[in-house]
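Just so we're on the same page: letters track the sequence lines, and every chain starts at 1.
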There are 2 protein chains.
Amino acid sequence: MTTTEKSTATNPEKNPATASKSETAYQYVLDRIRSGSYGPGYRLVLSRLADELDMSVVPVREAIRRLESERLITFERNVGATVTGIDPTEYLYTMQTLALVEGYATALCAPLVTPADLDRAREVNRQMRERLADFDPRTFTELNLRFHAILFENCPNPHVLDLVHRGWNRLGALRSSTFAYVPGRAARSVDEHDALLDALAAGDDVGTIERIARQHRLATLEAYLAHAGT
Amino acid sequence: MTTTEKSTATNPEKNPATASKSETAYQYVLDRIRSGSYGPGYRLVLSRLADELDMSVVPVREAIRRLESERLITFERNVGATVTGIDPTEYLYTMQTLALVEGYATALCAPLVTPADLDRAREVNRQMRERLADFDPRTFTELNLRFHAILFENCPNPHVLDLVHRGWNRLGALRSSTFAYVPGRAARSVDEHDALLDALAAGDDVGTIERIARQHRLATLEAYLAHAGT
DNA sequence: AGCAATGAAATCGTATACGATCCAGTGTCG
DNA sequence: CGACACTGGATCGTATACGATTTCATTGCT
């Protein structure tokens, strides 16, 4: 056991000050959900996680509670935890909410966006357009996040920004995005990105920016619904 | 101790099936924060809570984690948990976010609102107007919540609705509302309520409803900021 | 063959125990 | 007289232990 050794005084160890075990467990699971290696429905066994992380189940439980509160995992009493699945209805709710908060975050950012930011965003969008030919939903979604992140990451309201992150995290649970299902959507999405950047460059008022950004995401949702309904 | 008695088999107790201990603890603390009996900065000692609730600290810790994730509690490692205080900046963030989500929830509800709902809302608003004379911020805020709840509680998007509830919960931590600080605000707020009801009754489009509802809350925020800045 | 009851294994729920850390109050030394 | 080191109590962090619940496969009955 490590209990006998006095790690505190002489031994820097890793860095016990920065991360409690429950925090470690939280990040561990969150990363795996975001990266997609824990797909929807993936069964999380507390004792197994505790073994993997070399800790007891108590910190793991705390991490699970936090993730549960963020709707990333579903916890059923006496049964266990699974990564929250996204059925079409949940997808609708999540996308609608993301449209709301991301649109607002983008609008709040608009006055703070620098020309350099716009250049970076245009560059990312150029890469996206390039990839339209040989299409890979995975990297396309990755680029899509990077594009939008440039435009909302400086959001001055941390609560709103946090909600945006949570929305993206939930979407990350999907192995592939809407772009995989709805053929034409990717190309139109790239065009809408340019329109958004033009509006930002022109210094349009924040109400307009919000409307464009929200509508952009809702359009993806509607494309999915139309396709699924067919 | 209660450990000796076997309540599970023979004793129906309250209803052990519906609430785990960690859930009990969660509700317990949440209620006290909402009701204001745990004010901002209130120190939550885990072991004391565990004693009060007649359980061990483990479930209490899980409850705290959930509340922490909802920003209702601030938890510092090796130090303890306190009810999150709301300084002016936090107040701004919270109100801004609430304006966003509540406005949207109200708009999503607009098509579902029945004439009966509108009547109930008008009745509540009438009571609010009545109380303007001998003004009590506490009951006024209570009525204010009831008024808005009628208009957003049927929100078809549960994620958005949940965000609205969380926003109100955070505001509940304040012992009294903005109305206590900014004299003229209450009267104007009541008038805006009528305007909102008129728009709903007239069947205005959802974009208009959202704009009115959002602006209504932002106006309260701005009234506070102007007053504080003076 | 199909269905219901039974039992065992897996997993969760909670209590208890103990080490680690922080904070405050006290005393000593410059 | 003030600053610093020390010590004690309070509280948190985690591990371990054991009871409770669910689930699933097996068995027996119709």
Side-chain angles (χ1 to χ4, degrees), chain A residues 1-29 38 41-69 73-83, chain B residues 1-29 38 41-69 73-83:
Chain A
M1 272 309 239
T2 59
T3 52
T4 50
E5 51 167 311
K6 308 281 177 2
S7 60
T8 43
T10 58
N11 186 353
E13 195 77 25
K14 277 296 148 67
N15 199 341
T18 55
S20 71
K21 300 223 169 172
S22 97
E23 180 67 19
T24 305
Y26 174 79
Q27 289 296 340
Y28 182 83
V29 177
Y38 288 175
Y42 183 90
R43 177 78 190 279
L44 295 161
V45 179
L46 301 189
S47 55
R48 180 186 305 287
L49 275 175
D51 282 349
E52 277 177 45
L53 290 162
D54 193 40
M55 61 178 70
S56 108
V57 296
V58 178
V60 175
R61 288 178 65 91
E62 290 177 16
I64 295 297
R65 292 300 191 188
R66 286 176 58 186
L67 292 163
E68 182 190 14
S69 176
I73 71 179
T74 304
F75 197 78
E76 200 177 347
R77 194 172 173 204
N78 284 320
V79 174
T82 57
V83 176
Chain B
M1 274 311 244
T2 59
T3 52
T4 49
E5 52 166 312
K6 307 279 175 9
S7 59
T8 41
T10 56
N11 186 351
E13 196 78 24
K14 277 299 149 66
N15 200 341
T18 54
S20 69
K21 298 222 169 173
S22 99
E23 179 68 19
T24 305
Y26 173 79
Q27 289 296 340
Y28 181 83
V29 176
Y38 288 175
Y42 184 90
R43 177 79 190 279
L44 295 161
V45 179
L46 301 188
S47 55
R48 181 186 304 286
L49 275 176
D51 283 349
E52 277 177 44
L53 290 162
D54 193 41
M55 62 178 72
S56 109
V57 296
V58 179
V60 176
R61 288 179 65 91
E62 291 177 16
I64 296 295
R65 291 301 191 188
R66 285 175 59 186
L67 292 163
E68 183 190 13
S69 176
I73 285 187
T74 303
F75 197 77
E76 202 176 345
R77 200 181 165 193
N78 284 320
V79 174
T82 56
V83 175

(message) Just to be sure I understand the rule, does B:Arg43 reach a base, reach only the sugar-phosphate, or reach nothing, if contact means heavy atoms closer than 4.0 Å?
(response)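 If one applies the 4.0 Å heavy-atom cut-off, B:Arg43 turns out to touch the sugar-phosphate alone, with no base involved.
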(request) Could you say whether B:Phe75 or A:Glu76 is positioned toward the 5' end of DNA chain D, judged by the nucleotide with the nearest heavy atom to each? (result)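 Nearest-nucleotide comparison on DNA chain D picks B:Phe75.
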(request) Could you tell me whether the side chain of B:Thr24 and the main chain of B:Ser20 form a donor-acceptor pair under 3.5 Å? (result)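 Yes, because the side chain of B:Thr24 sits within donor-acceptor range (under 3.5 Å) of the backbone of B:Ser20.
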(message) Please enumerate all residues that pass side chain to side chain donor-acceptor pair (under 3.5 Å) together with B:Arg61, with sequence neighbours excluded.
(response) A:Glu62
(request) Mind checking A:Val58 for me? I need base, sugar-phosphate or nothing, with any heavy atom below 4.0 Å counting as a touch. (result) base
(request) Report the nucleotide, chosen from D:dT11, D:dT22, D:dT14, that has the shortest atom-to-atom distance to any side-chain atom of A:Pro59. (result) D:dT14
(request) Report the distance from atom CG of A:Asp54 to atom C1' of D:dA15, rounded to the nearest whole Å. (result) 12 Å
(message) What is the separation between atom CZ on B:Arg65 and atom C1' on C:dG13, rounded to the nearest whole Å?
(response)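 Distance, rounded to whole Å: 18 Å.
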(request) Take atom CZ of A:Arg48 and atom P of C:dC12, then tell me their distance rounded to the nearest Å. (result)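 Taking atom P of C:dC12 as the reference, CZ of A:Arg48 is at 10 Å.
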(request) Please name the pair of heavy atoms, one in B:Ala81 and one in B:Phe75, separated by the smallest distance, quoted to 0.1 Å. (result)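 Shortest heavy-atom contact: CB-CD1, 3.4 Å.
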(message) Which heavy atom of A:Met55 sits nearest to which heavy atom of A:Ala25, and what is that distance?
(response) SD-CB, 4.2 Å
(request) Rounded to the nearest angstrom, tell me the gap between atom CG in A:Asn78 and atom C1' in D:dT22. (result) 7 Å
(message) Once you apply a heavy-atom cut-off of 4.0 Å, does A:Leu44 come out as touching a base, just sugar-phosphate, or nothing?
(response)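 It contacts sugar-phosphate atoms only.
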(request) Determine: side-chain N/O of B:Ser56 to OP1/OP2 of C:dT14, distance under 4.0 Å, yes or no. (result) no
(request) Can you tell me the distance, in whole Å, between the NZ atom of B:Lys21 and the P atom of D:dA20? (result)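 To the nearest whole Å, that distance equals 12 Å.
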(request) Send over the distance from B:Arg77 CZ to C:dC23 P, rounded to a whole Å. (result) 13 Å
(message) Nearest whole Å is fine: how far is C:dT14 C1' from B:Met55 CE?
(response)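 From B:Met55 CE to C:dT14 C1': 10 Å.
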(request) Report the distance from atom CG of A:Leu46 to atom P of D:dT16, rounded to the nearest whole Å. (result)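 Checked: the CG to P distance equals 16 Å.
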(request) Answer yes or no: does a side-chain N or O of B:Arg61 lie under 4.0 Å from OP1 or OP2 of D:dG13? (result)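 For D:dG13, OP1/OP2 do have a side-chain N/O of B:Arg61 under 4.0 Å.
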(message) Set out, in order, the CA-CA distance, both residues' side-chain angles and the distance that settles side-chain contact (heavy atoms from CB on, under 4.5 Å) for B:Val29 and B:Ile73, then state yes or no.
(response) CA-CA 10 Å; B:Val29 176; B:Ile73 285 187; 4.1 Å; yes
